[in-house]
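Report on the following structure.
A note on names: the letters A, B, ... follow the listed sequences, proteins ahead of strands, and every chain is numbered from 1.
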Amino acid sequence: MEKGILGLFTYVDTLLEAAQKLKGSGYSITIFSPIPLGHEIDHALGERKNYIKYLAFIGAAVGFILGIVLTLGTAALYVLPRGGRAIFPVTPTLLLSYETAILLGVFFTLTGFLVFAKLPSFKEKFYDPEVAIDSFGLLVDGVREDKFGDIEKVMREYGANEVKRIEKK
Amino acid sequence: MAGFLERITERLNIYREPGWYKKFDHKWTMVIDLDKCNGCGACVLACYAENNIPVVGKEDCDKSRAFSWLRIERYVEGEYPDVKVKFIPVMCQHCGKAPCETGCPVYATYHNQDGLNVQVYNRCVGTFTCATYCPYDVRRFNWRTYKFEQPLDNQLNPDVTVREMGVMEKCTFCIQRIRVAKDKAKDEGREVQDGEIQPACVQSCPTGAMTFGDLQDPSSKVAKLAKSPRRYRLLEELNTDPSVIYLKRVMNDGAGTHEE
Amino acid sequence: MKRRDFLKILGVGGVGTGLGYFFGKASKPPAAELIPYLNPPVDVIPGVANWYPSLCTQCSAGCGIHVRVMEGRAKKIEGNPLHPINKGKLCARGQASLQALYNPDRIKKPLKRRGNRGKGDFEEITWEEGISILSKNLISLSEKGEADQLYLLTSQIRGSLNNLLNSFMVSYGSPNYLQYELFQNKNLLHASQVTMGVNAIPHYDIANTKYLLSFGADFSSTWVSPVSYSYAYGQMRQGEDGIRGKLVQIEPRLSLTGANADEWVPAKPGTEGVLALAIAYAIVEDGYYKGPDAASWKALLSGYSPKDAAVVTEVAEGRIREIAKEFGQTRPSLAIGGENLARYENGMSGLVAVNILNHLAGNIGVRGGVIPNSNGSRTIDFKNNIAALAEAASASKVKTLLVYDTNPVFTTPKAMKTEESLRNIPFIASFSSFMDETTAMADLILPAHTSLEDWGDDFADPSVGYPVATLMQPAVSPFFNTMGIGDIILSLAKGVGGKVKDKMQWNGFSDYLKDAWKENYSKDKDMLASALTFDEFWNQLLTRGGWWPDEKAKVKAVSVSPKGIEAHISKVSSRFEGDEKGFPLYLTTYAHSSHLDGRGANLPWLQEMPDPMTSVVWGNWIEVNPTTASSLGIKEGETVTVESPFGKINAHVYLYPGIRPDTVSMPIGQGHRAYGRYAKDTGSNPIEILPFKEDPETREIALNSTRVRISRTTASEKMVKIEGSTKELGRNIVQTISPEEFKRMNKEVS
Amino acid sequence: MGQEHMKSEISYREVNEDVVRTMTKTGPAYYIALISSMLVFAGFWLLPWSYQIYQGQGVTGLQTPAFWGIYLANFVFWIGISHSGTLLSAILFITQTPWRRSIYRSAEAMTFFSVLTAAIFVFVHMGRPWNFYWTMPYPNQRQLWLNFQSPLMFDVLAISAYMTSSVIFLYIGSIPDLAAVRDRVTGWRKEVYTVLALGWRGTDTEWHWLNKAYTFFAVFIIPLAVSVHSIVSWDFALSKVPGLNKTIFAPYFVVGAIYSGTAGIVTLMIILRKALNIEKYITLNHFSQLGKLLVVMSLLWSYINVLEVFTGWYANTSFENEALTYRMFTPPYSYMFWIMILCNSFMPLLLIFKKARTSIFVALIVSLAINVGMWLERYLIIATSLPRKFLPYMWHDYSPSWIEISTTIGSFGFFTMLFLLFVKLWPSVSIYEVKEDIGIPMKKGHH
Amino acid sequence: MKKFILYIIIGAATFIMGYTINNMYSPDLSPVQPIPFSHKIHAGTNKIPCMYCHIYAENSRHAGVPNVKRCMGCHSIIRTDSPLIQTLTSYWEKKEPIPWVKVYNLPDHVYFPHKRHVKAGVPCQRCHGDVANMDRITRQAVSFGIPYARVSPLKMGWCLECHKNEAQKYIGTPVKNGTDCWTCHN
């Protein structure tokens, strides 16, 4: 049964310092927070890549093409002249492609988010409800249990007000 | 998918430019001489009889749901004693650039290969768009299930569907007669001749104010009449390109005389 | 809940649905059925229409029709293209007669009265009973020696049926075979009799005339032969020669024809006759009349100088002379006198005046003028008419009355007391196939076929300058348990027996008809020329729908002379009942364009067809000039009480600029108290409040003969009209060009 | 009466507790409200509608020239209401406006629910609603597709796109809160929220991608929202009918939509903060900000409205003139018109004054007035143009039947019902963003 | 156990659903006729051409079911002893037509002229199946008691396929205006 050690902090800056320290000494760390800390974490632990923008763009492009294929293709499949307009009109096609572009853009972005954030996942994981409320968690896992001692020491000295050894649940 | 794509590419060439549809088989056209029309209403009743148009009764008439596909509008100018009365029969104008056709989301109304603006009853879902877009108010809606009292239903024309509740309908230029005439012509291996097809209204018009024919055939009666200097079309400024051509009424009155 | 369970449930559901669907076709609602013919009728192909030529009996014009029949059901009625009267066209009334055939309110079986009279309480009987009841009654009558107290009242029937009925009555021994309709054109007939000495309404060649002067003749909707006149009107307006005939309408209320006229002369009601004479005077005075007897005409017309007439008719003298000029000079011109003029108490003289006009302008016997018809078969006994019947009945000199296809109770004024007098008649038998007001009073109802189920023929009057005969053949087999009127009479004859039986040995009206035509064929040389054998001729009749010569007959000249006419010209303008103060407004009535004298009121199509001039449906109205209305404080659509010295009715106000401010006008035809679900209690019947006044010579009932007063009352029901607004607002909807422009145009074209 | 600004000394834990309380603690008042709204929905909408489906459109007051009536007016109205929620939330998110945080959740919910209501109205006004699926593009055995030139097809696509994206926007935004709720609740709720939260833990990666994705959603939503309402306007503007055929309509409708939507938010927030007593999160500051927005929109709207009338007047054709006179000077429409002007152009000007802005009462009245006015606007556009089309002979006035009116009432019941359910099943105030608003806890200040 | 009951309930409900759906939306594909007339005997064994009985097919929309007289034309002599023929005779003597049940039932809004198709040379079997081997007319082919393919679904797509492609077999080109709505609908 794999175990992990979780330190709960009240303040973000202390947490980040501890995180830096532990990361520096080569532990794999995970930060839990009740609020997004994007800016701070980037600042402390370095920028992270953003693949979603590519996805969004691809999605929009695909959507646009889909729109064109849908409008023109269906018109071509069953030709019914109406209103003296062309069977392949430009403006409505663009308009619908615009809508579909946005729609698929949204869909791709959603997929991107779920994939990258590894959601949904109902597997058993390290988690502590406190981090959803007001304490910031710093999890170290994938290490032998004898290391837990000094990890806890580090956390304590950086001002973790509680350190737990937790199991996946 | 490949076939689908090449279908598209093949058709791209034809259907790109607007107005490609001018290559129709026919362009059925009606010419109405307003100077002959005396507004007697025989055409209205002929239309009722031919097209299984239901009688809606007093209440619905009061709600302006009278069903007649063809109505005779009457306009009164001036005060006693110099009163000018003018009649004009208005039915579906079968516009070449029909606003209703672009409006319908489900292709229930479209332009068929005879240049007619047709309504497919069984496709209609009743969004009212066509009727709202129609500048001539000629579309009629089946507000409820109008039943034909026994045994009046014996007179129903089997060539025409009895429309169900919730669908839009309108004048078809008696397409069932066109169909029969074409069928006959096909059996005899010839084209449809001029004057062979007569919609009910044209057939019954006592003063002979109405004429029906194919405008594409230059020798047809309508083609000749359409050249008359009295020709005009209803609300032409809306650029709907109607297939119904009116000939101006000859009359001494101030209104409506100025040329465009 | 775990995902697995969810899937399980899904699976179960799917399987269940599948199984259900598969076993679903164990029990089915029965599908549609295919009923084959037992024994297929010849020349009938399901899904392919047959056309049978026949005769339209909706009015007395006698148009030829084609009936479209599919699978043994009549589907549509159109004009017979070969027929010289309506030339393939047909009016709304004619087309709607289909709904008379399939009307839900038809009498489906012979009926015998059970409760007391007029309560509409009948019991169904068989035809045998019905015929025997009636024949017993007739037998007892003749045994009592009261055969002459049998009355037969029919509509204006011509042709073989007329002969049959006539010979029946004669052989039975009763002189009292009367014909009555509200619009019977007796005055017109008599006028042409006294002026031209022709016993037939002449043919007015509107098609070729260049100047049509119409005295209240609404030929576009109801007058004499609307379809043929409308066709001619089209010819007149836009004929081949490109010259456009002018139409001048003289009437107090703008009728449909007036609406199409180039000029409208709203003369004072009742003075049109005087106006006509004044025009005639002007023609003679200004020397447009070139005849040798001009002087005597002038003498005759003295006292009708436009100057005096202008005062009476409220038409300016200048206008009169102008009309006289145009009418006298244009060649050919034509003057016609219609219902409005004919239905004053001295309408006959008005029509005579119109004929004088035609004579003075030299229009008689010329193309585009008045073309006399050869003598018709009709000899109407003006004296012995509905009024006479009413008198006899109230003096209880009528023992038995047979009624067919006419409805006097509805079409005669209350003041005439028709209904009361009918109550005096011990036995009334009706052959109507609808429960109209008269039939409701009958003791025995033997429903006859409608015209689409029956045999018959007709000799049009007015014809078109040459004789036209139309054949009526059954387009469909009888829809209900009814019987042809001819067959009823014949079987009645058998029932009565004796002399009558010997006189009529035919076992069916169709045989009678065929024999009658055999006779015609053997007599007429044109007919003989047209076919070798009679059967061939008969087939021709059936296929063409009638008989008429291919080339027009010669127009025979008739002379009109001043002397003799004098007696028929009345010196005064027509009188109106009621004093000016109490009843300030003239009431003029006219035939409803789609119900005529009320016979069309039971056809839903006609009820829903908007009236051409007011667009009112399902009901009727009273036309009031807006100025009059505002002075009375009445608004559009309000209900008013229309009160004459003879009664009061309610009507809805329709504000109508096309009517004299001192006149109100109502259509006849609505306001039935019986006559089926569509006709009953829609609108009101203006005939009720008319006085009983007749033309002294023809005993034609005067319809425009009383004054009324109108006052607002609580609305009974709503007036429903189709129109929204009648103002064009300069939207160029009906575009027009002036006649001058039109002339110029024609020159350019030609 | 709440206070001016949100107290920064609210603790994180308090936020969680408050929000979870709004979902778990339920008084009888709530149930009464819920039941009654359900009853209104069923009695005023479902019953008449089923009657209408059975009897046909004949039971409505629609007739020959006026084929569109209250139903379409409601459709446009609800689309309009829907407009502000998501749009505002997105715009304010992009511009990092702090006061957005505590109101955007319920605003987005409002969007979703009103779009839903609007979408249903499309089917209510249809002649044969049982064939509604014919208006969806899908491969079928008839081999027949759809007319993508029809403005109605634009509608179908745009609205469905809008609905889906706003739902996604709403859901993604509330995953962390759902997780927070999941940790607090028990019983069936636990199961539901476990599924809904998708196993969110609040790790740095999750937060990272959430932020990025959320930004993109916001970016996508804004043009979509704008396009949706302009497309709705084309349903009318693309017809030739005088009074409808106006190029100004697209902006007119968009502005009107945002306007009514914002007003809708104000009304909703006022009710919400009282009902859930969360005054400390939704403060007077919010109303003051929204008030400013309302004033701006009101001015914009009035301008375009004048412009619309002006163009008609300037054209000076018989068609335009008749339509205008009918709308502005013919009772009963004249009354409606001038009431509309009063509600939309004048009453909001009150909000220029801070006192009025920060008075809940005034805000409530004004926002309600605006919504009444906007509804009237939509009704007038439709009900006064169609009866005055080109051919005067076919002029016939339209007056709604009781079925239509009750359906209109019922739609409000429907909306209320949905919103009440939402309040109980969803964190109606964003927990984590409120926390952000309170500020990130730092030992030694911010660096 | 609880779950099991749940499944039972769901299964039953959905079964009823499917059952009703079938009864409402899909017609009986091989109905029972008042007289078990066998096309196998007439068209198959005795090789009677279709047009001999369905007389109107060549010149009308309707093919027409044979009128009773036509049946009697032969059966006043042939097999008069068989009980089935006697039922037929009884109909004839009672002078009432035979209520055949419609198998190919097109909705009212479809205009299908037999005439045109027959004249174009489309064999009857193309749509009506191999009636020469059917005892009872049916619209579905059955193997192992499971209906697996209909002779003709009578659905729009099916018509169009023929109008577009298969028509070329008969008239060389696709049907003129063959995909125009009003060609087949009214």
Partner chain B: residue of [options] with the largest heavy-atom pair count (under 4.5 Å):
| options | answer |
| --- | --- |
| C:Glu717, C:Lys87, C:Lys721 | C:Glu717 |
| C:Gly79, C:Ala74, C:Gly47, C:Pro661 | C:Pro661 |
| C:Gln99, C:Gln607, C:Met609 | C:Gln99 |
| C:Arg660, C:Glu723, C:Gln235, C:Met70 | C:Arg660 |

Side chain, backbone, both or neither: which part of [X] has a non-hydrogen atom closer than 4.5 Å to chain B?
| X | result |
| --- | --- |
| C:Tyr233 | side chain |
| C:Glu263 | neither |
| C:Ser725 | backbone |
| C:Phe480 | side chain |
| C:Arg677 | side chain |
| C:Asn625 | side chain |
| C:Tyr229 | neither |
| C:Leu101 | neither |
| C:Ser220 | both |
| C:Thr222 | neither |
| C:Gln95 | both |
| C:Tyr656 | neither |
| C:Ala96 | both |

Can you name the closest pair of heavy atoms from [X] and [Y] and give their distance?
| X | Y | value |
| --- | --- | --- |
| C:Pro657 | B:Gly78 | CB-O, 4.3 Å |
| B:Gly41 | C:Ala92 | O-CB, 4.2 Å |
| B:Ala200 | C:Lys76 | CB-CE, 4.1 Å |
| B:Ile53 | C:Trp605 | O-NE1, 4.3 Å |
| C:Pro104 | B:Leu152 | CD-CG, 3.7 Å |
| B:Pro81 | C:Pro266 | CB-CG, 4.2 Å |

Using heavy-atom distances under 4.5 Å, tell me whether [X] contacts chain C through its side chain, its backbone, both, or neither.
| X | answer |
| --- | --- |
| B:Val160 | neither |
| B:Ala46 | both |
| B:Tyr80 | both |
| B:Val56 | both |
| B:Ser204 | both |

Examine distances only and state if a side-chain atom of [X] and a backbone atom of [Y] form a donor-acceptor pair shorter than 3.5 Å.
| X | Y | answer |
| --- | --- | --- |
| C:Lys727 | B:Val76 | yes |
| C:Lys75 | B:Leu156 | yes |
| B:Tyr232 | C:Ile733 | yes |
| C:Asn260 | B:Asn38 | yes |
| B:Arg74 | C:Met613 | yes |
| B:Lys86 | C:Ala259 | no |
| B:Gln203 | C:Gly88 | yes |

>> Take a 6.0 Å sphere around NZ of B:Lys186 and say whether it holds more than 12 heavy atoms from other residues, nucleotides or ligands.
In response: no
> Crowded around C:Lys743 NZ? As in, over 12 foreign heavy atoms under 6.0 Å?
Replying inline: no
If you count heavy-atom pairs under 4.5 Å with chain C, which of [options] comes out on top?
| options | result |
| --- | --- |
| B:Val250, B:Ile72, B:Val83, B:Val85 | B:Val250 |
| B:Leu235, B:Asp159, B:Val180 | B:Asp159 |
| B:Ala66, B:Gly208, B:Cys205 | B:Cys205 |

In plain terms, say whether [X] and [Y] are close enough for a salt bridge, that is, a side-chain N and a carboxylate O under 4.0 Å apart.
| X | Y | answer |
| --- | --- | --- |
| B:Asp33 | C:Arg237 | no |
| C:Glu608 | B:Arg65 | no |
| B:Asp153 | C:Arg73 | no |

>> Using side-chain heavy atoms (C-beta onward) and a distance below 4.5 Å, is B:Pro206 in contact with C:Pro226?
In response: no
> Side chains of C:Val734 and B:Leu34: closer than 4.5 Å at any heavy-atom pair?
Replying inline: yes
> Does a donor on one side chain and an acceptor on the other come within less than 3.5 Å for B:Arg230 and C:Gln238?
Replying inline: yes
Enter the distance from [X]:[atom1] to [Y]:[atom2] here, rounded to the nearest 0.5 Å.
| X | Y | atom1 | atom2 | answer |
| --- | --- | --- | --- | --- |
| B:Gln155 | C:Leu98 | CD | CG | 5.0 Å |
| B:Glu59 | C:Lys718 | CD | NZ | 10.5 Å |
| C:Met719 | B:Lys58 | CE | NZ | 10.0 Å |
| C:Glu728 | B:Glu73 | CD | CD | 9.5 Å |
| B:Cys40 | C:Phe219 | SG | CZ | 11.5 Å |
| C:Arg93 | B:Leu45 | CZ | CG | 11.0 Å |

> Can B:Asp35 and C:Arg244 be said to form a side chain to side chain contact (heavy atoms under 4.5 Å, CB included), step by step?
Replying inline: CA-CA 10 Å; B:Asp35 196 36; C:Arg244 181 170 181 278; 2.6 Å; yes
